[in-house]
Amino acid sequence: MDEINIEDLFKSIPPIIFSSLFCEKMRERDDLQNSLSTRQALAIPKLLVATCFRKSTTNLTPEDYLRAAVITTAPEDQEIARSVVMDILFPKLSMKQIELDLSTKKDPSEKAIRKQPIIDQILEETQKNAYSGSISQELLDGVVDFLGEMGSSMSLLSDTEDPDGPKEKTELDFFFDATANWKSGTQPYKALVDYLVDPTEILIKKLQNLKELKDYVGQKLISSINNIPTSALSAIPYTNTADAILKDSKNQIEKTIAEHTLNQMKEFEKSIQQMMQTNPESVAIVSKALHDSGRLSWKKHTELIEQAAKNAKTSSEIYNLIKNANYLSKRIKEQLFDILSKDSTLTKPLEMILSLENQLGQSLSVDFIKQLLSSSDVKDKISYQALPAIPFYSKEIENAVVDSCNNQLAKLQEKSIPRKFEELFHDIADISSKVKNPYYTSSLDKIRNAAANAWMTSIHSKQSFLNTGFSLVRQGVKLNEQMMMEYGQSIGCSVDELNEMLYTDFESFLKSIRNQSKDVFGYKNSLQGLNLTQNQVQMSNETALSHKNRPALGALASENLSLAIKTAQKMGAEDFLLSSLSAGFGEDILRQWFIFRDDIPSVMRDKLKKILRKIVISTAMDMARKKLGSAESGIMASSQTRPFKEGDELDLIDIEQTLENIISMGKNSEQIIPDDFIVHDQRKGRIALVILLDISGSMTGKERLAYCSFLITMLLSRLKEQEIGIALFESDTHVLLEVMDEKPEIDKVIDELLEIRARGGTVINRALTWAYDQFKKIDEEQLYFLVASDFEFFYNIRNHKDFKGLQKLSPKTYLIAPGVSINNWELKQWEKAFKANVVQIHNEKEIIDTVCKIISNR
Amino acid sequence: MSKKPSGTTKKTIEDSEFLKIFKESIISSEETEKIDLVLEGQYKMAFEGIMDAYNAGLYAGLIGPVGVGKTTLCRKVAEDLKRGFYWVTFSDLIRPSTLIGSFDPTLVFKLGYSPKSFIPGPFTLACLEGSVFLANEINRGDEYILNSLLDALEEKRLYIPQLRTWIKVHDDFFFIAAMNPSELKGTRSLPRAIKDRIKVWCSLTYPPRKTEEKIVRTQCTVADLERNVLDSILDIITKCRTHDLIEKPPSIRTSIGFAKLIAARMQREKTQRASNALIAEIAQLVLPQSVEVIPGQDASIIIKKICVEVLGIG
């Protein structure tokens, strides 16, 4: 009996041969993350045989080989596996690319660069874009260029490859034809290829010509009857599916298109008319699909849309109609505007108009506003809230906004509730910051000032009145002075007080220090509006010291600690100054310390540091309560006991506690139940966090040190020591805390922070090595890596010796960068290397909020 | 007769009535639920891959984000194979005893370690019955817990230490591991020993729009949603998935929930058409909690902007 060679049973590549080829090619790759095991080499043929068993055939398709090879590869390497399989199955594809490159090179001495084969690029792009269903223009241009070059170089290739004449067309040729036509929008390719998962399906399914493509797409459409996606409807006329759809579909849209395809025009007209009445938006879908497939002329298409629009009753219906049809005529526009102008507000209609503008690429909002303005009964709808949506300036709009605001103010005057005026004031201020056209800003400022005046004259409490007035004047609000003076006196304010509130001058300020008429916040507000010279600050300090005014001194020191100290030293009042520092504005004083610490006399340093320590701890605890809550976490197991429950291992039973428990209940052995056993409950915590903070930079570094002090103290108070490592870096790396170390005393950490000095320059590589060492200490748990920096390292992160190690650990990485980070390029490199999230901050204080949000949101 | 708590107006169930209802509600092992799965595209590929793996005697892994249909696919596999289905979602709290089984201490007290005092875990049951076992989020299990599975996977036998007994794993036993793709690397990566024993890796991602539309239609049986409405839902979901500020996009489960809620609202309001305003309103109810945005961003505002882009109304 002849032996049967099992390999002969396979019409395509025998599984074992394929597996060997695949493994050989994979092992040639140096970008694999996992080495190929023998298990995989054995698994591929097993899987292919199982496929034959399932399909009851030995005729395996490219899809079968692709699947077997890809799914037996580790997930991280599946992209590479896919590309290798395509190389094996369609070798001529990449070969043609190489030959073309070599044959068209002008300078033979140039090194031939192997370009990534087109098919790889298509695969890569479709993998990335499979979701959105589109391929980048650049790649498609490459395909078309390639095809063009192939055409012009065909003779060259055929001379060398096939001396007998032109070759038969292969599936590759059809693939390229179809892709090029699809890309250029030529029907029926556009409609048919659109419906595929991606163009490579043509290759995988071995479709050799247009008829096969039509048949294949037709089968897919039939299997989707009732659920044919909108984008695929234009494929119906090109496939022999209309009969099946008419017979089996319950979807009116599908059936209507099928009727037209089969030239059942009476039925089609009837269906369309019915749709016009019940669902005009669907008419647009049908019409567009038929127009796209070439069965309906543009004229007929637009006629149908116009007719459908007449039946549309709401703005949403018209909106959907326009969107589905991708068409907007003057008449439909007017109809839409008409409906929208009846809306009680302007914001929502404008949103809709702007959305259509984006989709259609037409300017609509200008026309809409003009129409509104021409109608007197809608003019009053144009309020300040709509301004951010209006990109252009119009005097009429401005007047309409002012009128509507005056009306609103008049209504609020009737009730005179300070809170309402305050809301209006803040609302207008907020809108003003969002307005696109700056020409509206001055009107808004006037309205804002009017709202502020109304607000002030609704306040009944003298102190509230004065405090609010101070705050408003310092924000640049122009209060009506006469009105304020009259009203202020009517509620008991003195002329002096009112002058201080309204007039930001130095004499008044000094007077307020002498009179001790304000609290620390009042003095701070005044200082911010005054812009005092050095001499004036000194005079203020002297006045505050001589009048023993702690709040004033506290406010002055928070603006310029160095000068306050010098003045105090001259007057022999250092202790008094120090006692004033705790009055408020701890953050400012801390910032001042970092900026001026070298100027502070040594005799005062220790005392000052003691005060600063208290400030840091109390401020940090307060922030921690608000931002991190009271939750505790830790990665080390913390043990607590509880009753046994099913699933617990008996090893966890605490015999002593169990016996104690049973004895205390007076139970005998027959009465014991599982709940009586006490076990240790091992719980694990949540995060492990390594933070690198860049403190280089002459000013930003010092500011950052101040906020870092609060941040670090907060974290130390809330997270267990085992799960946090913090280092500050500049030209040196200052390690504050290492993971797994015993928790240091907070006082010592703060002292260390207060004395850290940046020498200039930023050296990241040591900090990175340290960070990697920290991560290596942590066995499990989710790792977080936070880096706050300007990223001005001028250092290629990929050259770092521990880069690959860090990358492999894949900590969840956040890069916190100032909004005007200079080295954006480097930031992007880090972002790419670590697949990091970039968080832009606008000032150093935001570091605290950002880190807290990252920890809380994990 | 059970005592009614004072102040209660609702009628409480009598004890015997409760037992009756409880017994009627028990799902027997013979009952199998019909799984509605859209088997096309990646789902078809994954399903066929897993079935081929089963026939080839290989174990399978499923990689996919949350809510993409991994568990449903595995149930479908079990249904088609006419096998039982057990699953465990791994976490820090899972111990070997959760999988293999534990001993009732009171019975151990009386009878010692014996099969009578042993309560088998789902993994042991699957091994003995020849059922399908899904290890969900397997990478979240501690290595020493995963090691307790190795013998069963490779040697086809399971050791119960307290009984000092090896038990044979049924020939039809099938193991599937599922995990999240973002956790392929880092400290959540699967130990090599387990990874190597899983020979087939099927990846699922958020499906192409065409497939998702089908899935939503299949699952949302409350009402037949108009094409327009479904298109709008999918447009919104698509934009969420490609938005720069959204870190974790909505799952298919969310798309289904979105569609179902709209259908339910239409039913309640007895309306045939879902307006854009309704869709936008439901989007705000469903989506902000279903996505994760990058720190500092507000999910509701992002969803509102997306709704304005798609529906013209926020």
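In the text below, chain A, chain B and the rest are named by the order of the sequence lines, each starting its count at 1. No hydrogens, no waters, no symmetry mates; every other heavy atom, side chains included, goes into these values.
Among Gln359(A), Glu351(A), Lys46(A), the residue making the largest number of heavy-atom pairs under 4.5 Å with chain B is Glu351(A). Of the listed residues (Glu281(A), Lys220(A), Glu201(A), Lys323(A)), the greatest number of heavy-atom pairs within a distance under 4.5 Å of chain B belongs to Glu281(A). The choice from Pro105(B), Ser102(B), Gly101(B) that makes the most heavy-atom pairs within less than 4.5 Å of chain A is Pro105(B). Note: Val310(B) leads Ile313(B), Val310(B), Ile119(B) in heavy-atom pairs under 4.5 Å with chain A. Interface check for chain A: of the options Ser97(B), Gly121(B), Ala56(B), the most heavy-atom pairs under 4.5 Å are formed by Ser97(B). Ranked by non-hydrogen atom pairs under 4.5 Å with chain A, the options Gln42(B), Met51(B), Lys199(B), Gln162(B) are led by Lys199(B). Among Leu42(A), Asp676(A), Thr72(A), the residue making the largest number of heavy-atom pairs under 4.5 Å with chain B is Thr72(A). Of the listed residues Leu356(A), Ile672(A), Leu350(A), the one with more heavy-atom pairs under 4.5 angstrom with chain B than any other is Ile672(A).
Without hydrogens or angle criteria, Gln40(A) side chain to Asp196(B) main chain gives no donor-acceptor distance under 3.5 Å. Ser355(A) contributes a side-chain N or O that, together with a main-chain N or O of Val308(B), makes up a donor-acceptor pair within less than 3.5 Å. Checking side-chain atoms of Lys110(B) against main-chain N and O of Glu670(A) turns up no donor-acceptor pair under 3.5 Å.
Heavy-atom minimum distance, Ile228(A) versus Glu213(B): O-OE2, 4.4 Å. Counting all heavy atoms, side chain and backbone alike, Trp201(B) lies closest to Gln78(A) at O-NE2, 2.8 Å. Annotation for Ile71(A) and Cys202(B): closest pair CG2-SG, 4.1 Å, computed over non-hydrogen atoms. Summarising the geometry of Met352(A) relative to Leu311(B), their closest heavy-atom pair is CE-O, 4.2 Å, with the distance given to 0.1 Å. The shortest heavy-atom contact between Asp52(B) and Leu47(A) is C-CD1, 3.7 Å. Residue Asp104(B) comes nearest to Pro674(A) through the heavy atom pair OD1-CG, 3.6 Å, listed as atom of the first residue, atom of the second, then distance.
In this structure, no portion of Asp849(A) lies under 4.5 Å from any heavy atom of chain B. Of the atoms belonging to Leu66(A), not a single heavy atom falls under 4.5 Å from chain B. Looking at Thr278(A), only its backbone comes within 4.5 Å of chain B, counting heavy atoms on both sides. Proximity to chain B (any heavy atom under 4.5 Å) is restricted, for Arg54(A), to the side chain, taken from C-beta onward. For chain B, the nearby part of Thr73(A) is the backbone; its heavy atoms alone come within less than 4.5 Å. Residue Ile285(A) touches chain B through its side chain alone, counting heavy-atom pairs closer than 4.5 Å. Looking at Phe644(A), the atoms closer than 4.5 Å to chain B (heavy atoms on both sides) all sit in the side chain, from C-beta outward. With a 4.5 angstrom heavy-atom cutoff, Asp244(B) does not touch chain A via any of its atoms. Heavy atoms of Lys305(B) lying under 4.5 Å from chain A are absent altogether.
Of the charged side-chain nitrogens involved, none lies within less than 4.0 Å of a carboxylate oxygen, so that Glu48(B) and Lys55(A) do not count as a salt-bridged pair.
Within 6.0 Å of the CD atom in Gln671(A), the count of heavy atoms belonging to other residues, nucleotides or ligands exceeds 12.
Each of Asn276(B), Asp231(B), Val229(B) was checked for a side chain to side chain contact (heavy atoms under 4.5 Å, CB included) with Asn320(A), and the lone residue meeting it is Asn276(B).
Note: Ser223(A) OG to Leu39(B) CG = 11.5 Å, rounded to the nearest 0.5 Å.
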